[in-house]
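These notes concern the structure reproduced below.
Everything numeric here is computed off the predicted structure, so don't read it as measured data. Counting starts at 1 for both ligands and their atoms, in listed order.
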Amino acid sequence: MLRTFETNYLREVTELSSSLWEFSPNEGKFQGKVYPVWVPCCWENLPDFSAYRGTGSFRKEFEAEGNVRLVFKGVSHTATVLVDGKEVGSHYNAYTPFSVMLKDLEPGVHKLEVIADNRFSEKSALHVPNDYMSYGGISRGVAMEELEGAYIEYIHAVPEKTEKGWNVKLAVKVVNLEDAEKIVELQVAIDGLFEITKEVNLKAGEEVLVEEIVDAGTPEVWEMDHPVLYTICAVLSDADGAFDDLADRIGFREIRTTGKDILLNGKKLRIKGFCRHEDHPMYGCALPVSAIEQDLQIVKDLGANSIRTSHYPNDEIFLDLCDEQGILVWEENHARGLVLEQMQNPNFEPQAEACIQEMITAHINHPSIIIWGILNECASDTEYGYECYKKQYDLIKKLDTSRPRSSASCRFKTDICFGLPEIVSYNLYPEWYHDTPASEYVPDIYNWVQTGSEGAGKPFLVTEIGAGAIYGYRNQNMCKWTEEYQAKALENQITAVLNQEGCSGIYIWQFCDVRISNEWFSNRPRTMNNKGIVDEYRRRKLSYDVVKRLYHSYPDFR
Ligand code: ADA
């Protein structure tokens with residue numbers, strides 16, 4: 001399953017994931033051994049490969065002919081794609097989708113091989129030893145599409161509030177696969193709201209972006225407690241009739257900032273959220289829908305209204321579920337704690353900017369996404385860092401003007417980038433990494449922003465705050481790592497943040513305990529980040545009931 005709804009009725013699409021493939025490591029003592037695996041799959045979940053850093057081949061046969069497009073929602077972390085033994089594509093970064101076009105494929109059965117590589121090296125500026133795990137494998141869905149002479153690559157449909165209702169800013173990308181000019185008819189519609197038809201002249205091999213602002217009348221608004229979704233369909237036709245189609249979903253909601261407030265449909269939002277890694281002891285980062293859904297049920301039980309996809313774009317199925325359930329999302333490009341030297345890796349900027357381009361191109365229609373984030377805790381206190389942040393914020397603005405931008409900083413009173421985004425965000429750990437009471441530390445940082453930075457007068461978010469606890473470690477002495485200590489620290493932290501005047505909300509670090517890279521941080525007990533309010537098996541710690549009580553006691557709007 002790649003989405004929670006049908007995206008094509010005309011186009012022939014075959015899911016290649018949700019099935020058995022063959023896996024073989026390409027190095028190490030099991031090199032060449034063949035294992036049956038169910039894809040999506042992280043090899044770390046195979047008994048012999050729990051700490052395997054290397055390359056591995058995933059093989060599958062498929063039957064097709066003509067113009068065939070292979071769609072990969074995520075391969076961790078670098079993919080090389082071969083068909084019938086010939087390299088046909090590659091991609092860096094586990095967390096964004098990519099596709100490979102095979103033109104005029106001979107009829108018959110073909111051999112697909114995906115080589116995944118999870119090694120660390122200078123070539124990889126974003127996947128580095130870190131406080132989360134870079135897994136190896138085909139971690140998200142794979143599909144095979146059999147296309148005609150032209151196809152619809154994407155529909156971007158961004159709702160805009162107007163005096164009398166709503167418009168939709170449309171951008172539909174149409175691709176001509178033939179070596180001859182093609183005239184096609186493009187029809188785009190949302191049942192009951194609008195329908196437009198345009199003739200599109202496609203030169204040989206040309207890609208065309210068909211743009212239009214259409215009046216969508218007065219649709220039902222997407223709200224957290226009433227997340228109404230509309231299906232938008234695009235159809236390509238020629239003299240012989242309709243031959244390609246694509247459907248997506250949108251929600252009519254407005255997110256904007258004014259003064260120190262974040263307004264969702266004109267109301268002052270209070271974010272009560274969690275930072276969540278895509279991580280599970282049974283699946284690695286390849287969580288099935290059932291596991292994602294279980295996490296969302298827990299998030300809602302806790303009274304939370306938002307999830308921050310720390311620290312990378314998430315599987316689109318997660319976003320589909322958030323769209324359907326009215327859960328707000330801060331989605332960010334892939335980066336965690338890269339110091340200046342790491343940002344100066346020549347691969348850093350192109351890889352970070354490619355991640356933004358791919359993230360927004362793929363996810364722009366999701367109403368649940370309310371904030372685009374970048375560069376978690378990178379070197380935003382340096383001139384070079386400032387240039388990188390500016391380029392990436394500018395790129396987001398070029399791709400999508402409908403959402404505010406931000407970045408989670410840990411550069412406390414030295415950050416020089418707060419003049420760039422719409423929202424100022426901080427990761428703070430009073431009562432964990434230092435013993436300053438949260439009730440003193442949060443106002444101190446907030447006041448510095450208002451008096452000592454270019455972030456003055458902007459919305460202010462705490463994008464990380466929390467403490468560690470080892471599940472099952474109970475001790476009335478309440479020393480650090482006990483569940484009792486974490487519960488007390490979170491009580492103080494959440495109260496300090498949500499009572500802070502001018503603060504628009506909080507993301508607790510973090511939802512669940514997660515695996516970290518063995519190579520990173522020896523002083524993480526269990527080689528895990530243990531700051532979850534549930535452990536990796538989603539078993540509740542004492543802090544669960546504290547967070548639940550507090551989150552339910554603060555309304556979603558200020
Ligand atoms: C940072 C970082 C998180 C995590 C956290 C921690 O804020 O953004 O990914 O590493 O610290 O647990 O210390």
Side-chain angles (χ1 to χ4, degrees), residues 94-95 126-135 273-279 285 306-314 330-339 342-343 352 355 371 373-381 385 389 406-415 417 423-436 438 441-442 445 461-471 480-481 483 485-486 489-490 493-494 497 505-536 541 543 547:
Y95 308 115
L126 307 178
H127 285 280
V128 298
N130 219 324
D131 199 15
Y132 63 96
M133 182 67 184
S134 281
Y135 289 94
F274 287 96
C275 297
R276 174 179 175 272
H277 270 296
E278 291 179 325
D279 192 280
C285 64
S306 187
I307 291 173
R308 176 176 169 231
T309 67
S310 51
H311 298 290
Y312 37 75
N314 271 203
W330 158 314
E331 188 165 61
E332 60 187 35
N333 76 337
H334 177 202
R336 182 212 165 274
L338 300 178
V339 297
Q342 290 173 305
M343 291 177 73
C355 185
I371 296 170
I374 60 169
L375 302 182
N376 175 76
E377 294 197 350
C378 295
S380 55
D381 54 348
Y389 275 73
S406 191
S407 175
S409 171
C410 68
R411 295 304 189 268
F412 308 122
K413 298 182 179 179
T414 61
D415 199 299
C417 293
I423 298 171
V424 170
S425 300
Y426 266 107
N427 297 342
L428 307 173
Y429 285 92
E431 303 186 32
W432 182 253
Y433 287 124
H434 55 86
D435 294 328
T436 317
Y441 194 70
V442 172
I445 289 287
L461 280 177
V462 173
T463 29
E464 288 182 29
I465 196 162
I470 305 294
Y471 176 79
K480 285 184 178 177
W481 296 116
E483 290 190 36
Y485 183 89
Q486 184 192 44
L490 275 165
Q493 294 164 337
I494 295 168
V497 174
I506 182 173
Y507 286 95
I508 290 171
W509 185 272
Q510 67 173 323
F511 171 71
C512 68
D513 294 348
V514 300
R515 182 173 175 182
I516 72 167
S517 312
N518 301 12
E519 305 83 349
W520 185 64
F521 212 34
S522 57
N523 74 359
R524 283 272 190 264
R526 311 190 302 146
T527 320
M528 300 279 289
N529 183 304
N530 298 282
K531 297 188 183 71
I533 59 128
V534 294
D535 78 347
E536 62 272 29
K541 299 177 186 176
S543 58
V547 174

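- At the shortest separation from atom 12 (O) of ligand 1 among protein heavy atoms lies K531 NZ, 2.6 Å.
- Residue Y433 holds the heavy atom nearest to atom 13 (O) of ligand 1 of all those in W509, W520, Y433.
- Using a 4.0 Å cut-off to heavy atoms of R524, the atoms of ligand 1 that qualify are 6 (C), 12 (O), 13 (O).
- Side chains of S517 and N130: no donor on one and acceptor on the other come within 3.5 Å.
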Inset, instruction - Evaluate the criterion side-chain hydrogen bond (donor to acceptor under 3.5 Å, both in side chains) for residue pair E332 and N376; output intermediate values, then yes/no. - result: CA-CA 8 Å; E332 60 187 35; N376 175 76; 5.3 Å; no

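- For the atom pair CG (N333) and OG1 (T309), the distance works out to 9.5 Å, reported to the nearest 0.5 Å.
- Residue R308 places no heavy atom under 4.0 Å from ligand 1.
- Protein heavy atom nearest atom 9 (O) of ligand 1, with residue, atom name and distance: H311 NE2, 2.6 Å.
- Every atom of ligand 1 with a heavy atom of N376 under 4.0 Å away is listed here by number and element: 2 (C), 8 (O).
- When atom types are taken as modelled, the side chain of D513 and the backbone of G532 share a donor-acceptor pair closer than 3.5 angstrom.
- In terms of protein heavy atoms, atom 10 (O) of ligand 1 is closest to D131 OD2, 2.5 Å.
- At least one donor-acceptor pair closer than 3.5 Å links the side chain of Q493 to the backbone N or O of G466.
- H277 has its ring centre less than 6.0 Å from the ring centre of Y312.
- Of the polar atoms of H277, none of the N or O atoms is found under 3.5 Å from an N or O of ligand 1, judged by distance alone.
- Looking only at heavy atoms of the protein, atom 7 (O) of ligand 1 is closest to E464 OE1, 2.3 Å.
- In the model, E464 has a side-chain atom that pairs as donor or acceptor with a side-chain atom of Y429 under 3.5 Å.
- In this structure, Y429 has a heavy atom closer than 4.0 Å to ligand 1.
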